[in-house]
Amino acid sequence: MTTDPRRHVPRTDTLLADPQLAAAGERLGRGLVKGAVQRVQQRIRDGEVAPPDAVDAVLAALPTTAGSLRPVLNATGVLVHTNLGRAPLSAAAVEAIVAASGTTDVELDLATGRRGPRGEAAIGALLDAVPAAEAALVVNNCAAALALVATALASGRELVLARGELVEIGDGFRIPDLLVSTGARLREVGTTNRVTLADYRGALGPDTGAVLKVHPSNFVVRGFTRAVDVGELGAALAGTGIPLVADVGSGLLRPHALLPDEPDLQTTLTAGADLVLASGDKLLGGPQAGLVLGRAELVQRLRRHPLYRALRVDKTTLAALEATLRGPLPPVQEMLLADVAELRARARALAARFADAGLDATAVDAPARVGGGGAPEQPLAGAAVSLPESFAARLRRAAPPVVGYVEGNRTLLNLRSVPPSADGTLAAAVLGLADR
Ligand SMILES: *Cc1c(COP(=O)(O)O)cnc(C)c1O
């Protein structure tokens, strides 16, 4: 029994003192390395790892960063995929985050040495991008923007909202539930499919805190329908002092030629909204954030409300937002503009490489989507590599994980949501499975 590996399990202290593991401890934290050491010791006791291989086994088991979130290739064809972290940030935004992540001048005017307004540069970038806005505010996400608006403008009062705009965004998030949780009373007007200006007019009164329009991001109502647009509503509310707030959701700053049905911030404000709300990590292609733009007096009221402090964003979000607005086009916008012929050529090139490696791979056309609750009816052309069905699950566990989807009995890797620069990584992940 002297060869029993259990008798030769290296001691924790010995392993932790190994120069490579000590260095890993400096970088990742000793606790994390110790946990990996203990798991390897158990595998040695179980006879799965030979004692001399202990250090290598620990190194192999260590994550690349102290956080466990890993980069994943999004081959779903859904450009803004909520389960995959929505918008991937541009390299410029990532650099801005790194630069801002230490101590930084987020609230200090370095010229005077006095306290400065927080997030001034990001706000300036927003106002440059949306000139119809007098002022802007950034909070944690669009849901936070809605909560802040409902609390500051309509708590204990009425929030007028069309029945057809009582939207559920996803994962059980229902905008009316959020609004009611702030203490605002919902005054629903119209029916599911139709609402008129007279319906809105009939609901206005001394108790009205605000009128809210919510873009039905992820569905459309067709047939016998009628809605009141921001222009008509704004004109009807002019002179009443009742603010018109429009939640446009997707975060388009200006009209987009490929997405004619998506509302944008500039047009919505120009049409007559007093405030517009949007997400930062959908079509804008930036960090998770809630953008509030519009009349200075209303933005100021929101900023001064005590709840704002609980919803404000951190320095890295401000940095990423500013870089998204001022820097090169972020990936989501690039993917939106992708050329179909190029997508097909990429799919053919990848499929040919996979076929050379003996895989049953072909290039196919496959539709893509904006996702993230945006432009539900807008088909986007896409091209995919088609592989046997079993690849979907195996690729999710590959390094790096690749998330495609199964259609029919084939796994499709849709390239519309993969940046061209990642084709090599995607190929390596697939080829890594070829000979197994
Ligand atoms: C997506 C969306 C929201 C929620 O936005 P978050 O940034 O995820 O909080 C709210 N309203 C509309 C219209 C949306 O499309």
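One-based numbering, in listed order, for ligands and for the atoms of each.
The distance criterion of under 3.5 Å between nitrogen or oxygen atoms is not met by Val214 with respect to ligand 1. Distances between N or O atoms of Ser250 and those of ligand 1 include no value under 3.5 Å. For ligand 1, the polar-atom distance check against Asp281 finds no nitrogen or oxygen pair separated by under 3.5 Å. For a threshold of 3.5 Å applied to N or O pairs, the pair formed by Ala144 and ligand 1 contains no separation below that value.
Using modelled atom types, one finds a donor on one side chain and an acceptor on the other under 3.5 Å when comparing Arg410 with Ser386. Thr208 and Glu158 share no donor-acceptor pair across their side chains, judged by distance under 3.5 Å alone. Counting only N and O atoms by type, the side chains of Gln378 and Asp261 include no donor and acceptor under 3.5 Å apart.
No donor-acceptor pair closer than 3.5 Å links the side chain of Arg312 to the backbone N or O of Arg118.
More than 12 heavy atoms of other residues, nucleotides or ligands lie within 6.0 Å of CG in Leu337, so this atom counts as buried by the packing criterion. Atom CD of Glu120 sits in a sparse spot, with 12 or fewer heavy atoms from other residues, nucleotides or ligands closer than 6.0 Å.
The only member of Val248, Val230, Asp247, Val245 that meets side chain to side chain contact (heavy atoms under 4.5 Å, CB included) when paired with Lys213 is Val230. Among the candidates Asn140, Thr317, Asp281, the single residue satisfying the side chain to side chain donor-acceptor pair (under 3.5 Å) test with Gln288 is Asn140.
Per-residue contacts place His215 under 4.0 angstrom from the following atoms of ligand 1 (heavy atoms of the residue considered): 13 (C). Applying the 4.0 Å criterion to heavy atoms of Asp247 picks out, from ligand 1, the atoms 10 (C), 11 (N), 12 (C), 13 (C). Proximity to Gly249 (heavy-atom distance under 4.0 Å) selects the following atoms of ligand 1: 12 (C), 13 (C), 14 (C), 15 (O). Residue Asn141 has at least one heavy-atom neighbour below 4.0 Å for each of these atoms of ligand 1: 6 (P), 7 (O), 9 (O).
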Test side-chain contact (heavy atoms from CB on, under 4.5 Å) on Val149 and Leu277 and set out the steps. CA-CA 9 Å; Val149 161; Leu277 317 179; 3.9 Å; yes
Let's go through Arg115 and Asp109 carefully: what are the C-alpha distance in whole Å and the side-chain angles of both, what is the deciding distance for salt bridge (charged side-chain N to carboxylate O under 4.0 Å, His left out) to 0.1 Å, and is it a yes or a no? CA-CA 6 Å; Arg115 178 176 190 161; Asp109 182 338; over 6 Å; no
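Atom 7 (O) of ligand 1 has as its closest protein heavy atom Ser279 OG, 2.7 Å. Of all protein heavy atoms, the one lying nearest to atom 9 (O) of ligand 1 is Ala143 N, 2.8 Å.
The side chain of Arg86, and not its backbone, has at least one atom closer than 4.0 Å to an atom of ligand 1 (non-hydrogen atoms only; side chain from C-beta on). Contacts with ligand 1 closer than 4.0 Å are made by side-chain heavy atoms of Ile175 only, the backbone lying farther away. Only the side chain of Ser217 comes within 4.0 Å of ligand 1, judged by heavy-atom distances.
In this structure, Lys282 counts as a contact residue of ligand 1, since one of its heavy atoms falls inside 4.0 Å of the ligand. Taking a 4.0 Å cut-off on heavy atoms, Asn218 fails to register as neighbouring ligand 1.
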